[in-house]
Amino acid sequence: MNKTANFQLTQWEKTDRIMMEDFNRDNAAIDAALQSNADKAAALQTALAGAGNCSIETKSYTGNGNYGQNNPSRITFSKKPKFVLLCGYSFLLLLMGKENAPFVGFFASDRIYTCNIVYSWSGNTLQFHSTQNAYAQGNTSNQLYQAIAFY
């Protein structure tokens with residue numbers, strides 16, 4: 001009598017005596033292997049339920065040239081994202097991390113700038129402003145901006 005390589009299941013030859021105990025042992029091994037695979041699949045399903053669920057939402061607005069604490073920009077999303085990427089002509093701003101972060105960098109066509117941008121959330125609405133100028137705030141007059149929210 002031979003055995004399979006992986007689960008040591010019985011493989012009879014024509015001259016072997018077939019025994020009920022061999023069938024029972026093989027069925028128990030198959031049942032245990034199937035249950036182990038089912039348990040692993042369930043654990044994997046549970047682990048994946050909270051991972052890889054990234055989704056995005058896009059919004060757009062046209063700048064009005066205003067800036068500063070009394071003229072904040074506001075964007076309302078369907079829910080509060082993990083981070084927001086704000087894009088405009090030669091302008092890219094990433095808002096993430098703690099609210100009211102006093103220091104944020106942004107990218108223009110020829111260099112990386114740093115400026116004070118204060119932002120906060122009220123529910124699912126992002127509010128932000130810069131004291132430098134409308135360009136630094138992402139609010140240049142008649143400029144189209146795209147906001148990409150990552151969840």
Side-chain angles (χ1 to χ4, degrees), residues 2-11 22-151:
N2 295 321
K3 299 283 185 177
T4 62
N6 295 315
F7 292 102
Q8 300 300 306
L9 302 176
T10 307
Q11 288 188 313
D22 295 331
F23 277 107
N24 290 342
R25 183 181 60 248
D26 288 352
N27 285 334
I30 292 169
D31 186 66
L34 289 173
Q35 185 61 52
S36 175
N37 284 344
D39 292 345
K40 290 174 185 174
L44 182 60
Q45 192 83 15
T46 300
L48 289 176
N53 294 327
C54 182
S55 61
I56 62 171
E57 176 181 8
T58 59
K59 297 285 185 171
S60 64
Y61 68 93
T62 301
N64 60 19
N66 296 324
Y67 68 96
Q69 185 174 357
N70 294 327
N71 296 294
S73 298
R74 290 183 182 88
I75 306 170
T76 300
F77 298 98
S78 61
K79 58 185 177 180
K80 184 178 176 182
K82 299 290 184 191
F83 64 93
V84 175
L85 186 61
L86 186 60
C87 310
Y89 178 74
S90 72
F91 178 87
L92 181 64
L93 173 65
L94 177 63
L95 297 173
M96 60 185 285
K98 292 183 175 182
E99 290 187 3
N100 298 316
F103 183 77
V104 176
F106 70 92
F107 305 90
S109 60
D110 59 345
R111 65 185 77 139
I112 298 174
Y113 292 90
T114 57
C115 63
N116 285 329
I117 295 181
V118 178
Y119 65 99
S120 62
W121 288 93
S122 177
N124 56 345
T125 298
L126 171 64
Q127 177 174 297
F128 58 98
H129 73 273
S130 170
T131 56
Q132 285 182 274
N133 55 45
Y135 179 78
Q137 184 168 311
N139 203 26
T140 301
S141 186
N142 298 315
Q143 173 66 51
L144 179 64
Y145 293 90
Q146 299 290 329
I148 306 169
F150 292 81
Y151 301 98

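Listed for the N2 side chain is no donor-acceptor partner under 3.5 Å among the backbone atoms of Q11. With S36 contributing its side chain and A32 its backbone, the two residues share no donor-acceptor pair below 3.5 Å. Between the side chain of Y151 and the main chain of K79, a donor-acceptor pair closer than 3.5 Å is present.
Evaluation of the side-chain contact (heavy atoms from CB on, under 4.5 Å) rule for T58 yields I148 as partners, not counting sequence neighbours.
Contact detail for N133 and Y67: the closest heavy-atom pair is C-CG, 3.5 Å. The two residues Q137 and N71 make their nearest non-hydrogen contact at NE2-O, 2.9 Å. Across every non-hydrogen atom of G65 and A134, the tightest pair is O-CB, 3.4 Å. What you find for R74 and P72 is that their closest heavy atoms are NH2-CG, 3.6 Å. Residues L85 and F150 approach most closely at CB-CE1, 4.3 Å, considering heavy atoms.
Within a 6.0 Å radius of CG in N37, other residues, nucleotides and ligands contribute more than 12 heavy atoms.
Rounding to the nearest 0.5 Å gives a distance of 8.5 Å between OH of Y119 and CG of L126. A distance of 12.0 Å separates CG of N70 from OG1 of T131, quoted to the nearest 0.5 Å. For the atom pair CD1 of I75 and CD of Q146, the computed distance is 10.0 Å after rounding to the nearest 0.5 Å. Note that OG1 of T4 is 8.5 Å distant from CD1 of I30, once rounded to the nearest 0.5 Å.
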| request: Carefully, step by step, assess T140 and Y145 under the rule side chain to side chain contact (heavy atoms under 4.5 Å, CB included). | output: CA-CA 9 Å; T140 301; Y145 293 90; 3.2 Å; yes

| message | Test side chain to side chain contact (heavy atoms under 4.5 Å, CB included) on L9 and K3; report intermediate values, then the result. | response | CA-CA 5 Å; L9 302 176; K3 299 283 185 177; over 6 Å; no

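No hydrogens or angles considered: nothing links the side chains of S130 and Y135 as a donor-acceptor pair under 3.5 Å. A donor and an acceptor atom, one from each side chain of D39 and Q35, are located under 3.5 Å apart.
Note on ring orientation: taking the six-membered ring where Trp is involved, the planes of W121 and F77 are tilted (angle from 30° to 60°).
Applying the salt bridge (Lys or Arg N to Asp or Glu O under 4.0 Å) test to residues at least two apart or on different chains, the pairs with a partner in residues 53-67 are E57-K59.
In this structure the side chain of F128 never reaches within 4.5 angstrom of the side chain of N139, judged on heavy atoms.
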